[in-house]
Amino acid sequence: GSGKTSLIARLVERLKDRYRIAYIAGDLTTTIDADIIAGYSVPVVQINTGKECHLDANLVAKALGRLDLANTDLIFIENVGNLICPAEFPLGSHQRLVVVSITEGPYVVVKHPYIFMEADLAVINKVDLAKAMGIDVDKLERDIRTVNPSLRTVRTCCRTGEGVEEVIRAVSYTHLRAHETEADLVCR
């Protein structure tokens with residue numbers, strides 16, 4: 001309910017004309033999220049974990065085998081929806097985004113710090129509900145910086161599209177910085 005699928009849908013909508021996109025959906029039992037993203041005419045692979053609360057690298061590797069990687073530029077992997085288990089299981093992705101929602105309350109960051117320690121970008125979604133929910137978004141950002149001082153945050157409202165372009169810029173910037181660092185290390 002944080003808005004992961006809504007954010008991915010907005011990203012796919014904006015990026016599918018520039019990149020060949022694929023999507024891997026992790027869920028316990030349903031195909032709801034996969035069906036939503038498939039509506040954007042991108043290749044989708046569903047992984048149902050049953051009782052498992054996360055995807056792991058082995059499951060993702062099997063899903064990658066079902067995609068035409070030679071004709072794919074960008075893959076979104078949506079993990080099972082919780083803030084605990086996915087933190088412990090890196091998937092081999094280039095970047096990890098954590099999406100939290102205003103509706104998860106004022107203590108979501110301090111109660112689930114590990115996912116923020118491992119993330120490359122934190123997205124605070126449903127900011128349009130902050131006043132109604134009595135949530136101080138600035139405090140959420142301070143909590144994130146307390147857990148991970150270098151973690152960039154972006155505020156979004158996926159329902160309206162607010163902040164989605166900033167997420168694209170943040171992901172692009174982080175990705176370029178990572179490659180620059182790798183290039184610097186290779187040159188030394």
Side-chain angles (χ1 to χ4, degrees), residues 1-12 14-15 19 21-28 33-34 36-37 42 44-47 49 52-64 67 69 72-102 104 108-127 140-156 158 163-183 185:
S2 66
K4 294 185 312 296
T5 307
S6 296
L7 177 61
I8 291 170
R10 290 290 187 161
L11 293 170
V12 169
R14 284 174 170 77
L15 297 172
Y19 301 99
I21 297 174
Y23 169 72
I24 298 172
D27 202 330
L28 295 178
D33 298 337
I36 290 168
I37 302 302
V42 299
V44 170
V45 175
Q46 177 68 49
I47 301 173
T49 62
E52 298 300 323
C53 61
H54 60 85
L55 296 177
D56 62 31
N58 184 49
L59 292 171
V60 171
K62 289 177 184 175
L64 291 173
L67 292 170
L69 297 178
T72 304
D73 301 315
L74 178 62
I75 301 170
F76 291 106
I77 303 170
E78 183 174 354
N79 214 324
V80 176
N82 74 71
L83 294 172
I84 301 166
C85 298
E88 293 292 318
F89 295 89
L91 303 178
S93 59
H94 289 280
Q95 294 183 43
R96 294 178 84 179
L97 279 66
V98 59
V99 180
V100 293
S101 165
I102 294 299
E104 293 173 280
V108 65
V109 176
V110 296
K111 286 186 171 187
H112 307 287
Y114 299 109
I115 194 90
F116 295 92
M117 290 176 188
E118 301 297 324
D120 297 298
L121 178 68
V123 176
I124 301 172
N125 192 31
K126 302 182 185 180
V127 294
L140 282 177
E141 287 183 333
R142 285 191 303 276
D143 289 346
I144 290 169
R145 280 192 300 281
T146 298
V147 170
N148 183 343
S150 64
L151 186 58
R152 184 166 179 190
T153 61
V154 177
R155 299 176 183 194
T156 62
C158 290
V164 174
E165 289 298 326
E166 189 176 345
V167 170
I168 292 169
R169 285 190 299 275
V171 168
S172 298
Y173 176 77
T174 303
H175 184 69
L176 290 173
R177 291 271 325 255
H179 286 291
E180 287 171 5
T181 303
E182 290 171 12
L185 291 174

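For the pair Ser101 (side chain) and Lys126 (backbone), a donor-acceptor distance under 3.5 Å is absent. In this structure a side-chain-to-backbone donor-acceptor pair under 3.5 Å is missing from Asp143 to Val110.
Of the residues listed (Asp33, Ile77, Ile75), the one engaging Tyr23 in a side chain to side chain contact (heavy atoms under 4.5 Å, CB included) is Asp33, and it is the only one.
A distance of 7.5 Å separates CG of Leu91 from CG of Asp56, quoted to the nearest 0.5 Å. To the nearest 0.5 Å, atom CG of residue Leu28 and atom CD1 of residue Ile47 are 12.5 Å apart. Taking CG of Asp120 as the reference point, atom CG of Asn148 lies at 9.0 Å (rounded to 0.5 Å). The CD1 atom of Ile102 sits 11.5 Å away from the OG atom of Ser2 when rounded to the nearest 0.5 Å. Atoms CG and CZ, from Leu121 and Arg96 in turn, are 13.0 Å apart once rounded to the nearest 0.5 Å. Within the model, atoms CE of Met117 and NE2 of His112 stand 13.0 Å from one another, a figure rounded to the nearest 0.5 Å.
Side-chain contact, Thr5 with Glu78: a donor N or O sits under 3.5 Å from an acceptor N or O.
Annotation: side chain of Leu7 is not in contact with side chain of Asn125 (no heavy-atom distance under 4.5 Å). A 4.5 Å side-chain heavy-atom check between His54 and Asn79 finds at least one atom pair inside the cut-off.
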Evaluation steps, side chain to side chain contact (heavy atoms under 4.5 Å, CB included), between Ile124 and Ile144: CA-CA 10 Å; Ile124 301 172; Ile144 290 169; 4.0 Å; yes

Test log, rule side chain to side chain contact (heavy atoms under 4.5 Å, CB included), inputs Leu64 and Ile24: CA-CA 8 Å; Leu64 291 173; Ile24 298 172; 3.9 Å; yes

Derivation and outcome, side chain to side chain contact (heavy atoms under 4.5 Å, CB included), residues Leu97 and Val167: CA-CA 10 Å; Leu97 279 66; Val167 170; 4.2 Å; yes

Phe76 and Val42: CA distance, side-chain angles, deciding distance, side chain to side chain contact (heavy atoms under 4.5 Å, CB included) verdict: CA-CA 11 Å; Phe76 291 106; Val42 299; over 6 Å; no

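We find that Glu141 and Arg155 are joined by a salt bridge, their nearest charged nitrogen and carboxylate oxygen being less than 4.0 Å apart.
Closest approach of Ala119 to Leu151, counting heavy atoms only: O-CD1, 3.3 Å. Across Leu55 and Gly26, no two heavy atoms sit closer than the pair CD2-CA, 3.8 Å. Contact between Gly3 and Val99 at its shortest, heavy atoms only, is C-CG1, 4.3 Å. Here the closest non-hydrogen pair linking Gln46 and Ala34 is OE1-CB, 3.0 Å. Residues Val108 and Phe116 approach most closely at O-CE1, 4.4 Å, considering heavy atoms.
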Only pairs under 3.5 Å count here: list side-chain donor-acceptor contacts from residues 81-89, not counting sequence neighbours, and write none if there are none.
residue	atom	partner	partner atom	Å
Asn82	OD1	Ile84	N	2.8
Asn82	OD1	Cys85	N	2.9
Asn82	ND2	Cys53	O	2.8

